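The structure displayed is predicted, hence computed values, not measured ones. Residue numbers run from 1 in the order of the sequence given. As the structure lists them, so they are numbered: ligands from 1, and atoms in each ligand from 1.
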Amino acid sequence: MGPLARRLKGQSSVETRSAILDLIRSSGRVSRIELSERSGLTEATISKIVRSLLLDGLVVEAGYGDSTGGKRPVLLTLNTDSRYALGISLDAQHIVYVVSDVSGRAVHKMTTEGTGTSKPPDVVKRIASELGRLLRRNKIERSDIIGIGIAGAGRLDSSGGVLRSSRKASEWEDFAVEDALSDASALPVILDNDANCAALGEFWSGRVPATRDFATVYMATGIGCGIVINGDIYRGASSNVGEIGHMILEANGPECWCGSRGCLEMLAAPAIVVQRARQNAALADRLDIADEHIDVRRAFTRIGKAAAAGDEDAASLVAEAAMYLSKAVLGVVNMLDIDTLFLGGPGFAEAGDIYLQTVRRELDTFAFMRSVHPVSVEMSAVGPEAAALGAASVVLHSHLTPHHASVRRAPHTRTESTR
Ligand SMILES: [Zn+2]
């Protein structure tokens with residue numbers, strides 16, 4: 001009996017069906033015989049499941065494989081246009097919308113004004129109307145949308161999946177965005193942490209095999225880490241896993257808003273890099289970021305661009321932040337013994353290469369298991385839209401492959417709008 005068959009022993013037919021659908025998804029194109037070999041299920045069981053997936057339009061036949069003596073086998077693949085998922089990332093500066101097909105590929109994108117200081121109910125009303133526009137413009141029927149995923153940031157409450165305010169109290173803290181948007185859009189809505197979303201997006205896009213454990217480091221305003229183990233997000237006791245932003249790198253370092261000292265976020269988050277750049281008057285003038293009215297995101301973008309273009313002052317500030325980040329990543333890798341890591345999120349948009357090279361060098365030099373296996377570090381394939389596309393993947397993951405079953409479902413889920 002194969003590992004999948006062992007796991008599915010005694011499971012319902014719905015779970016078995018979703019496991020086979022997931023196997024087809026992660027294989028790209030695959031024959032019934034290969035499905036039987038990989039899952040350990042009999043060919044008769046596979047035939048029955050495939051027939052129902054074909055009937056539902058989730059899977060289509062896609063040519064023939066190589067003959068192994070007899071008839072050439074028919075290959076199966078996901079019917080990528082059969083359904084869509086919507087992913088939204090909420091942010092004070094931008095709201096990013098992504099429509100993804102069933103394979104997790106972004107087919108339409110839209111960016112609109114951020115949540116700013118608007119009241120949450122007004123933002124939800126606007127999102128519902130912008131969603132309608134996005135669907136109409138791209139001729140997508142609402143009935144073909146499986147659901148909406150929202151990527152938020154902050155601390156999850158273990159009782160009800162509430163995203164608690166991280167940095168400051170905000171109106172979003174006590175607002176049930178999941179329910180409100182579900183009412184306004186007439187679609188099911190799932191909220192999840194942005195780093196988890198980004199990691200699941202990587203997994204769902206098929207870039208990582210279902211058997212490979214990996215982590216995605218996500219940087220926006222703060223820094224988080226989504227961890228995928230056995231093809232599913234690792235959630236710990238309360239879904240507050242991967243808070244590497246609060247990994248302590250200097251025992252007596254600067255005070256952090258979390259109550260501790262010397263956390264990664266206080267040494268390397270974009271706001272800290274911007275603060276340091278402002279202390280260098282010549283650099284701040286050169287990049288036109290001296291004015292405090294220029295928000296952190298915009299100032300950090302300018303520093304990143306300058307660093308990537310070879311401005312030595314800007315590059316050394318980014319290099320310092322990258323050094324701290326690489327120390328935290330080393331801790332994660334040593335703890336989990338993973339061999340695959342991605343960097344994603346808007347924080348890496350401009351100077352991603354500096355971060356990438358620094359993290360690679362750190363792991364090549366210091367990872368405890370470096371003589372046993374290398375650790376591959378790549379930029380996330382989904383770039384700055386990682387969280388929105390990932391949020392769409394969370395929907396696909398929970399609806400199409402519920403055998404993984406750990407996607408958090410909470411009746412009253414709230415978010416705040418900044419990581
Ligand atoms: Zn902290």
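Listed by chain and residue number, the protein N/O/S atoms under 2.8 Å of the Zn ion (ligand 1) are His246 ND1, Cys256 SG, Cys258 SG, Cys263 SG, with waters left out.
In this structure, the side chains of Ser118 and Glu113 stay at 4.5 Å or more apart for every pair of heavy atoms. The shortest distance between side-chain heavy atoms of Glu320 and Arg276 falls below 4.5 Å.
Listed by first and then second residue, the ring-ring contact (aromatic ring centres under 6.0 Å, His included) pairs that reach into residues 331-351 are Phe214-Phe342, Phe348-Tyr355, sequence neighbours excluded.
Look at Arg136 and Glu141 and you find no salt bridge, because none of the NZ, NE, NH1 or NH2 atoms lies under 4.0 Å from a carboxylate O.
Note that Arg25 lies in the cation-pi zone of Phe203, set by a 6.0 Å cut-off to the ring centre and a 45° limit from the axis.
Summarising the geometry, atom CG belonging to Leu131 is positioned 7.5 Å from atom CG belonging to Leu187; distances are rounded to the nearest 0.5 Å.
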